[in-house]
Every structure is written in structure tokens, then in C-alpha cells.
Amino acid sequence: MTELERIRHSAAHILATAILRVWPEAQFAAGPPVDTGFYYDVDLPHRITPEDFARIEEEMKTEIKANHPFERVEISRSDALAMAERGELASLAPRDTPSRFKLDILQNIPEGETITIYRNGEFTDLCAGPHVMRTGNIGAFKLTHVASAYYKGDENNPQLQRIYGTAFKNKTEMEKHFTMLEEAKKRDHRKIGREQQLFHIDESVGQGLILWTPKGSIIRQELQDFIGGELRKQGYSQVFTPHIGRLGLYQTSGHFPYYAESQFPPLIDRETLAGLSSEGCSCAELSNRVTAGEIDGYLLKPMNCPMHIKIFDSQPRSYRDLPVRLAEFGTVYRWEQSGELNGLTRVRGFTQDDAHLFCTEEQVSPEILGCLSLVRTVLSTLGMTDYRVRVGLRDPDSNKYTGDPANWDKAETACREAAKTLDVPFTEEPGEAAFYGPKIDFVVKDVLGREWQLGTVQVDYNLPIRFGLKYVGSDGKSHVPVMIHRAPFGSMERFTGVLIEHFAGNFPLWLSPEQVRVLPINDDPMVIEYCDAIVASLRGQGVRCERDTSPDSVNAKIAKAEQQKVHTMFVVGKRDVEAGNVSLRIHGKGNLGAKNKDEVMAEIVTAIRTRQA
RNA sequence: GCCGACGUAGCACAGUGGUAGUGCAAUCGAUUCGUAAUCGAUAGGUCACGAGUUCGAGUCUCGUCGUCGGCUCCA
């Protein structure tokens with residue numbers, strides 16, 4: 001534990017001390033340090049609100065001022081259990097009711113492990129430690145918000161109140177933290193998305209359904225063109241598939257009814273519905289019969305793989321054809337829980353930059369490497385270096401994974417070996433695999449520190465078997481191909497959301513919705529004519545360019561262009577016209593002075609074509 | 001989905017039971033300017049939606065929808 005973590009963990013104990021002074025009946029569960037501070041989970045009939053914070057913080061200050069030492073005591077299991085029974089753990093004094101969460105935690109500590117309690121002042125808690133020496137070592141703290149959490153993270157357990165706070169060595173450090181947080185919030189893609197009119201979510205359209213406005217659509221289109229070019233280099237074939245497919249397809253793949261609760265409900269045709277209704281079929285019956293496969297219907301596609309599988313399977317394949325790489329910007333729909341929806345990063349309809357590679361077993365490793373190199377090209381072009389790599393493996397204790405364990409072993413080994421070739425540290429995480437296979441994920445954090453999975457590469461021995469895919473090998477016999485699912489962006493929505501925050505809305509030239517704005521200093525016909533010629537020339541070369549036609553002052557025109565984060569500005573007055581120049585200004589870099597207009601335009605065209613950062 | 005907070009003009013916000021407000025944006029008019037906001041005027045609202053309490057509700061109560069923060073989930 002780092003010093004900061006010790007401070008925060010100790011602050012959690014002081015928080016509990018303070019809460020108990022006000023509400024002695026409080027029952028505490030867990031109170032660890034976290035990335036940005038600490039929390040303590042508490043069960044209490046009184047609902048703690050931010051209005052209570054001042055009072056709790058007062059009590060915390062008193063405890064810190066008292067400068068009690070944190071005292072570590074090793075005790076026997078039986079003594080600990082007895083203390084918990086008397087309500088003495090996470091408490092100031094013995095109580096009528098046992099410390100029930102502490103009792104539960106104690107019972108789950110393996111035999112033979114040392115059990116310790118920590119004391120500060122009157123407060124005693126079951127705790128492995130470590131802590132700071134004295135309560136006075138906490139230089140600065142603040143309660144931040146209150147939320148709720150299920151006990152042990154299990155939604156079948158009761159919900160506890162989770163009080164969040166943060167603590168630092170001193171006030172200066174804490175103020176720095178809050179300033180940084182304020183700055184981070186300014187980059188929030190939801191805020192920038194509205195300010196820059198990049199996208200819109202309209203409640204009459206539906207939760208989690210994105211309307212891409214013109215400016216956001218430009219960014220998305222540029223990203224698609226970028227990746228499309230890379231795919232051609234790597235020998236992919238573009239395909240298009242519909243947004244809905246018959247239920248049977250997803251029954252074969254295993255997505256229905258297994259994932260029914262995270263899908264939009266099936267579409268049943270009108271005649272079937274009318275027939276069932278005249279038979280007096282209830283909704284529950286209908287649902288059961290659809291699930292049982294007795295009634296056919298269509299599903300809004302939750303993923304693209306089954307359709308790509310059918311394209312692969314639409315003709316006989318030889319080992320000479322492999323690998324077959326089918327790519328599509330495929331839009332899928334998932335019924336995410338309403339509380340999970342978030343701007344562009346968690347939505348109900350999204351477009352994956354999807355592809356499925358069908359290959360022989362020998363081709364798996366090189367193909368995974370090809371996919372990984374694509375992801376890295378994408379991330380490095382965009383200057384995104386702050387990500388982590390996660391190898392998702394099956395959870396040995398779960399039965400949600402389908403297929404032969406031997407194949408799982410092969411697939412997991414392939415992923416692990418491929419991840420090693422990235423010169424980036426990665427973590428192996430059991431339980432993070434897809435139900436059909438292990439995967440390599442690229443994960444980034446948003447401005448609020450929440451992690452989002454972007455690029456992913458998944459190895460799948462199972463769906464080809466479920467769909468009975470085959471190819472003729474060099475031995476003349478039939479073989480089952482292996483499938484690789486991969487999406488370097490993950491989804492256009494989430495990636496764009498993360499990208500907005502990455503650039504704080506200041507996109508590089510090639511991605512900028514408005515690349516160049518020409519600002520005439522006055523409306524002298526000579527100046528306007530010159531400006532219009534520049535606009536026409538740039539547009540002719542595919543540059544997104546506008547002339548400011550407002551009657552505003554030059555200063556106002558510049559201010560507006562800067563606020564709208566227009567990448568490049570040409571300020572043009574009589575002096576420029578006479579010299580064949582433009583006064584170049586780049587967003588965030590200020591006035592760069594007069595330059596020859598043809599040279600500047602040529603530089604811009606090149607910078608766009610080479611996707612210069 | 002669960003717990004909590006919130007929902008007032010395009011945006012940011014004020015309005016603690018008694019006539020719906022401010023700034024920016026918008027529109028109109030004037031201004032023609034050399035690197036971050038020229039001046040003036042006008043317009044814009046079923047205070048999310050629905051019910052209730054009250055002589056009277058943006059304000060209090062309940063329900064619905066939505067947003068935000070967590071939790072759970074994320075093929």
C-alpha cells in the first residue's frame with residue numbers, strides 16, 4: 001500500500017468513527033482506498049445526504065485533531081467472533097446488535113490467517129491494515145458524494161449506502177486534485193458534443209440511440225475512411241448485411257434466448273400475432289413459445305457474426321481461399337440497462353467496425369498478430385498512448401462458456417502469446433472472455449476515470465462448430481475453420497466519445513469538422529473575391545472550408561472561430577490580397593503571421609492526406 | 001434494473017407559495033474593423049409530463065418519463 005493509500009484507508013476509518021458518533025447504530029461493511037479517494041459502505045436507517053456532510057466532517061476533524069494513534073492488535077479468531085457478536089467491530093463501544101457484516105467477513109477469512117483489529121481512539125475495526133501512525137497524519141480530506149452499492153457487489157444482497165471522500169497529505173495536494181477534476185469535466189464528451197454540435201440524443205427517439213449531427217458525422221466518416229484504407233491494405237473484403245435476422249439464426253449461435261434480457265424483444269409478424277391473439281394466447285405464453293422456438297420471428301441484430309458466418313458458408317471453401325476476412329461497419333442493437341447508458345460510451349444502438357476472419361488453425365497466430373497491428377496503427381495515428389491491454393480468459397468456476405476445453409486452451413494460449421508480442425504490459429483476467437472464446441481488449445479511461453473497452457480481438461473455435469462451417473484442406477478432407485472476431489475501434493460511438501475527450505474537442509486537421517475558415521477583415525469587394533477564390537480552391541481539393549459572412553468585427557470573428565475550435569483560420573485584409581498572402585492562425589496557437597497563400601494551402605492538403613497529428 | 005440527486009428559453013444558470021428572470025446564442029438595424037467578443041432593438045417559456053394539496057404551485061405531495069453519480073451488467 002502506498003502512503004497515499006494508507007492516508008485514504010485511514011480516512012475511511014475516521015469517516016466510520018464520525019458516522020458512529022452521530023448514528024451509533026450504523027453497521028459497516030467495507031471501507032477501502034480507491035483511485036481517487038476512499039469510501040465506506042454503511043447500513044443505516046437514516047439516509048445520508050450531502051447535507052449531512054458538514055456534520056460528519058466536523059466529527060472527522062475532531063478525531064484528526066485528537067491525533068489518536070492507529071493501534072494494531074492481533075487477536076484470535078474466537079476473540080474476534082466474540083467482539084463481532086457484541087457489536088464491537090466497526091463500533092465505538094459494545095452494542096446490542098452484532099456487527100453483522102464484520103461477522104460475515106470474519107467467517108470468510110480462511111483458517112490459519114492472522115486476524116487483526118485496528119483502533120483509533122474509541123473506534124475499533126476488523127482490518128488487515130496498514131494505516132498511518134496517527135489520525136493527525138491526514139492532512140486534508142473531503143467527503144464528495146454518496147451512492148449505493150450491493151453488499152459484496154452481488155445484486156441479490158442488500159444495498160448499502162456508500163459514502164465517498166478523498167484525502168491527501170496536505171491541502172495543496174487536495175486543491176490540485178479538485179482543480180484537475182474541474183479541468184477534466186470540461187473535456188467530457190457529452191459537454192463538448194453539445195457545445196460543438198457533434199451528436200444529439202433525443203428522448204423522443206429513445207434512450208441510448210445516437211443522432212449523429214453533420215459535424216459529428218464528418219468525424220465518424222473520416223474514421224471509417226481511415227480504417228477502410230487500412231483494411232484494403234490487409235486484404236479484407238467489405239460486406240453489407242441487414243439489421244434484422246430470423247430468430248433461428250441466433251438460436252444456432254447461442255445468443256438467443258441466452259442473452260434475451262439484453263436484446264430488444266423479437267419482432268413477430270402481424271398474421272402470426274393475429275392468429276395467436278384469436279386463440280387467446282397470453283403474452284407470457286407467446287414469450288415462452290418464442291423462446292422455445294415454436295414461433296418464428298426476427299431479432300434486431302445484437303451482433304454481426306452470424307450473418308458473416310452465413311456469407312462464409314454460402315459457398316464451398318478450400319484451404320486455398322483462407323483466410324477469408326469479411327469486414328462491415330455493422331450496426332447492432334442491445335438492450336442495455338437504463339442506468340448503464342452513458343453519452344456515446346454506452347448506448348443501445350451502435351456501429352461496430354467489425355470483421356470476422358475465417359482461417360485454418362495454423363493461420364490463427366499470424367492473423368491475431370495482423371489484427372493487433374491494425375489496432376496499434378489506429379491508436380498510434382490518433383496519438384492515443386494511454387491504454388491498457390487485457391487478455392480475457394474463461395472463469396474456471398463458470399459454466400457460461402461453450403465448447404471443448406481443449407479448444408479453449410489452444411485459443412487462450414494463442415491470445416496470451418500474441419499479447420506478449422505487444423511491447424505493452426498486459427493483464428490476464430479470468431472471467432473476462434466472451435462466451436465463445438478468449439479475447440484481447442484495449443481499454444482506456446474517460447475523463448472521470450471510468451474504463452471503457454475499445455479495440456478487441458477474439459478467438460473463437462465454437463461458432464464455426466455450432467454453424468457447421470467447413471473447408472476442404474490440402475489433404476482433401478473436410479475441416480472446421482477457426483474464427484477471429486475483431487474491431488479496432490470497438491464501436492464508432494464509443495470510440496468517438498473517447499476521442500472527443502482525448503482531444504478535448506481540438507481535433508487534428510484531418511478529423512476537424514471545419515478545417516479552414518476564411519475571415520475577411522472587411523467586405524471590400526476585392527477582399528471578398530479573394531477569399532471566395534481561396535474557399536473554392538480548397539473545396540476543390542476536398543478541404544472542408546467556409547468563409548465567415550457575418551458583419552462582426554475581426555476580433556469577434558476570431559473569437560467565434562476559436563471557441564468553435566475551427567482548426568485553421570485565414571485572416572484576410574487588403575495587405576494580404578496585395579501580397580498574395582493569408583494571415584495564418586491555428587486554433588490554440590494564435591497568430592502565425594502572413595504566409596504565401598498557395599504554399600499554405602498546399603501544406604494543408606498534405607497534412608490532411610497524411611493524417612498529420 | 002437498483003439506490004440517490006436533478007429536470008426553468010438553443011446553452012449556462014437565478015428564482016423557498018403571490019404577474020417568468022439574467023448572460024450568451026438567435027433575429028432585425030446600424031457599424032467595415034488587422035488577431036479572443038462594436039452598439040442598439042426585437043423575439044423566444046404548457047417551468048419535463050400527469051395528477052393532487054391550496055384562494056393561489058416553477059416552488060409542497062404522489063406517479064410517469066428523462067438526465068446525472070454510483071451499484072449490478074456489458075455476447
Side-chain angles (χ1 to χ4, degrees), chain A residues 34 39 41 47-51 144-164 188 190-191 194-195 197 200-204 206-208 250 253-256 258-263 302-306 332 334-343 345-348 392 400-402 432-437 439 441 448 450-453 456 458 460 462-463 485 490 494 519-524 527-528 550-564 569-576 583-585 587-588 590-594:
Chain A
V34 291
Y39 66 78
D41 283 346
R47 284 256 152 234
I48 294 177
T49 70
E51 282 160 28
T144 52
H145 54 291
V146 52
S148 99
Y150 299 103
Y151 178 53
K152 288 185 173 170
D154 185 336
E155 62 179 321
N156 300 312
N157 284 338
Q159 281 195 317
L160 307 173
Q161 303 187 59
R162 179 167 291 180
I163 318 297
Y164 279 94
D188 191 312
R190 294 166 296 192
K191 180 174 156 67
R194 197 170 35 243
E195 287 168 356
Q197 296 165 25
H200 176 62
I201 301 173
D202 194 301
E203 59 174 276
S204 60
Q207 287 184 284
Y250 301 100
S253 70
H255 294 108
F256 187 85
Y258 196 80
Y259 283 100
E261 81 289 350
S262 46
Q263 291 158 1
M303 49 189 357
N304 302 303
C305 2
V332 298
R334 297 181 189 176
W335 188 261
E336 304 290 1
Q337 298 186 82
S338 59
E340 264 312 321
L341 298 171
N342 187 280
T345 48
R346 190 79 182 266
V347 294
R348 285 188 174 161
K400 88 168 193 184
Y401 306 97
T402 60
E432 287 294 325
F435 77 90
Y436 48 70
K439 55 182 187 165
D441 291 330
L448 298 181
R450 296 177 292 205
E451 288 202 320
W452 300 99
Q453 177 200 312
T456 182
Q458 314 177 350
D460 178 5
N462 287 306
L463 288 182
H485 310 239
R494 179 175 291 179
L519 313 179
I521 284 172
N522 55 42
D523 51 12
D524 181 320
V527 172
I528 296 300
S550 71
D552 293 334
S553 66
V554 187
N555 280 330
K557 285 175 184 170
I558 288 169
K560 276 183 192 157
E562 288 285 354
Q563 276 153 20
Q564 293 166 14
M569 288 150 272
F570 290 173
V571 179
V572 176
K574 247 183 183 157
R575 290 208 302 260
D576 304 292
S583 292
L584 182 64
R585 187 183 173 100
H587 171 60
N591 183 6
L592 303 180

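Here is the naming used below: chain letters follow the sequence lines, and residue numbers restart at 1 for every chain.
- Straight-line distance between the P atoms of B/C3 and B/U46: roughly 32 Å, to the nearest whole Å.
- Nucleic acid contact class of A/Arg162 (heavy atoms, under 4.0 Å, all strands): sugar-phosphate only.
- Between A/Gln207 and A/Glu336, the closest side-chain pair of non-hydrogen atoms is not below 4.5 Å.
- A/Asp524 comes within 4.0 angstrom of nothing in the nucleic acid, heavy atoms only.
- In this structure, A/Val554 reaches the sugar-phosphate backbone alone: every heavy-atom distance under 4.0 Å involves primed, P, OP1 or OP2 atoms, never a base.
- To the nearest whole angstrom, the two P atoms, one in B/G40 and one in B/C47, are 31 Å apart.
- Across all strands shown, A/Ser262 has heavy atoms under 4.0 Å from base atoms, whether or not it also approaches the sugar-phosphate.
- Across all strands shown, B/U31 has no partner, as no Watson-Crick or G-U wobble contact with both distances under 3.5 Å is found.
- Contacts of A/Tyr164 with the nucleic acid, taken as non-hydrogen atoms under 4.0 Å apart, involve only primed sugar atoms and P, OP1 or OP2.
- Nucleic acid contact for A/Pro551: base, since at least one base atom lies under 4.0 Å from a heavy atom of the residue.
- When Watson-Crick and G-U wobble pairs are counted only if both distances are under 3.5 Å, B/A36 pairs with no nucleotide at all.
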A/Ile521 vs A/Val571, side chain to side chain contact (heavy atoms under 4.5 Å, CB included): CA-CA, chis, key distance, verdict: CA-CA 7 Å; A/Ile521 284 172; A/Val571 179; 3.8 Å; yes
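- Comparing B/G45 with B/G70, their C1' atoms are spaced 34 Å from each other, to the whole Å.
- You'll find that the side chain of A/Arg194 is closest to B/A12, out of B/A75, B/A12, B/C33.
- Nucleotides of RNA chain B nearest to A/Glu195 and A/Arg334 differ in position, and the one nearer the 5' end is that of A/Glu195.
- Note on A/Leu448: only backbone sugar-phosphate atoms sit closer than 4.0 angstrom, heavy atoms only; bases stay farther off.
- Judged by Watson-Crick or G-U wobble contacts below 3.5 Å, the nucleotide B/U46 has no partner.
- At the heavy-atom level, A/Tyr39 lies nowhere under 4.0 Å from the strands shown.
- The separation of B/A75 from B/G69, taken at their C1' atoms, amounts to 27 Å, rounded to a whole angstrom.
- As judged by a 4.0 angstrom heavy-atom cut-off over every strand, A/Asn555 is placed among residues touching the sugar-phosphate backbone only.
- Annotation: B/A25 and B/A12 have their C1' atoms spaced 11 Å apart (nearest Å).
- Taking atom C1' in both B/C73 and B/U16, one finds a spacing of 40 Å when rounded to whole Å.
- Within the nucleic acid shown, A/Lys191 has no heavy atom closer than 4.0 Å to any nucleic acid atom.
- Look at B/G17: it lacks any Watson-Crick or wobble partner with both distances under 3.5 angstrom.
- Using a 4.0 Å heavy-atom cutoff across all strands shown, A/Asp154 reaches no nucleic acid atom at all.
- Side-chain proximity of A/Arg190 to the nucleotides B/A75, B/G70, B/C68 is greatest for B/C68.
- Base pairing analysis places B/C2 opposite B/G70; the two distances defining the Watson-Crick or G-U wobble pair are each below 3.5 Å.
- The A/Glu562 side chain lies nearest to B/A36 when the options are B/A36, B/U38, B/G66.
- Using Watson-Crick or G-U wobble geometry with both donor-acceptor distances under 3.5 Å, B/G52 finds its partner in B/C60.
- Salt-bridge check for A/Asp188 with A/Arg190: passed, with a basic side-chain N closer than 4.0 Å to an acidic carboxylate O.
- Among the nucleotides B/C3, B/G69, B/C33, the one closest to the side chain of A/Ser553 is B/C33.
- Base contact: A/Gln263 has a heavy atom under 4.0 Å from a base atom.
- At the heavy-atom level, A/His145 lies under 4.0 Å from the strands shown only through sugar-phosphate atoms.
- Within a 6.0 Å sphere centred on CD of A/Glu261, heavy atoms belonging to other residues, nucleotides or ligands number more than 12.
- Separating the C1' atom of B/A26 from that of B/G44 is a span of 9 Å, rounded to the nearest Å.
- With hydrogens and angles ignored, a donor-acceptor pair under 3.5 angstrom links the side chain of A/Arg346 to the base of B/C73.
- Within 4.0 Å (heavy atoms only), A/Ser253 reaches no atom of the nucleic acid at all.
- For A/Ser338, a side-chain nitrogen or oxygen approaches OP1 or OP2 of B/G1 to under 4.0 Å.
- Where stacking is scored as ring centres under 5.5 Å apart with planes under 30°, A/Phe435 does not register as stacked on the base of B/A75.
- For the pair A/Gln207 and A/Ser148, nearest-nucleotide mapping onto RNA chain B gives the more 5' position to A/Gln207.
- Using C1' as the reference atom, B/G63 and B/G10 are 30 Å apart when rounded to the nearest Å.
- In a base pair of the Watson-Crick type (N1 to N3 plus N6-O4 or O6-N4) or a G-U wobble (N1-O2 and O6-N3), with each distance short of 3.5 Å, B/G10 is matched with B/C24.
- Across every non-hydrogen atom of A/Met569 and A/His587, the tightest pair is CE-N, 3.6 Å.
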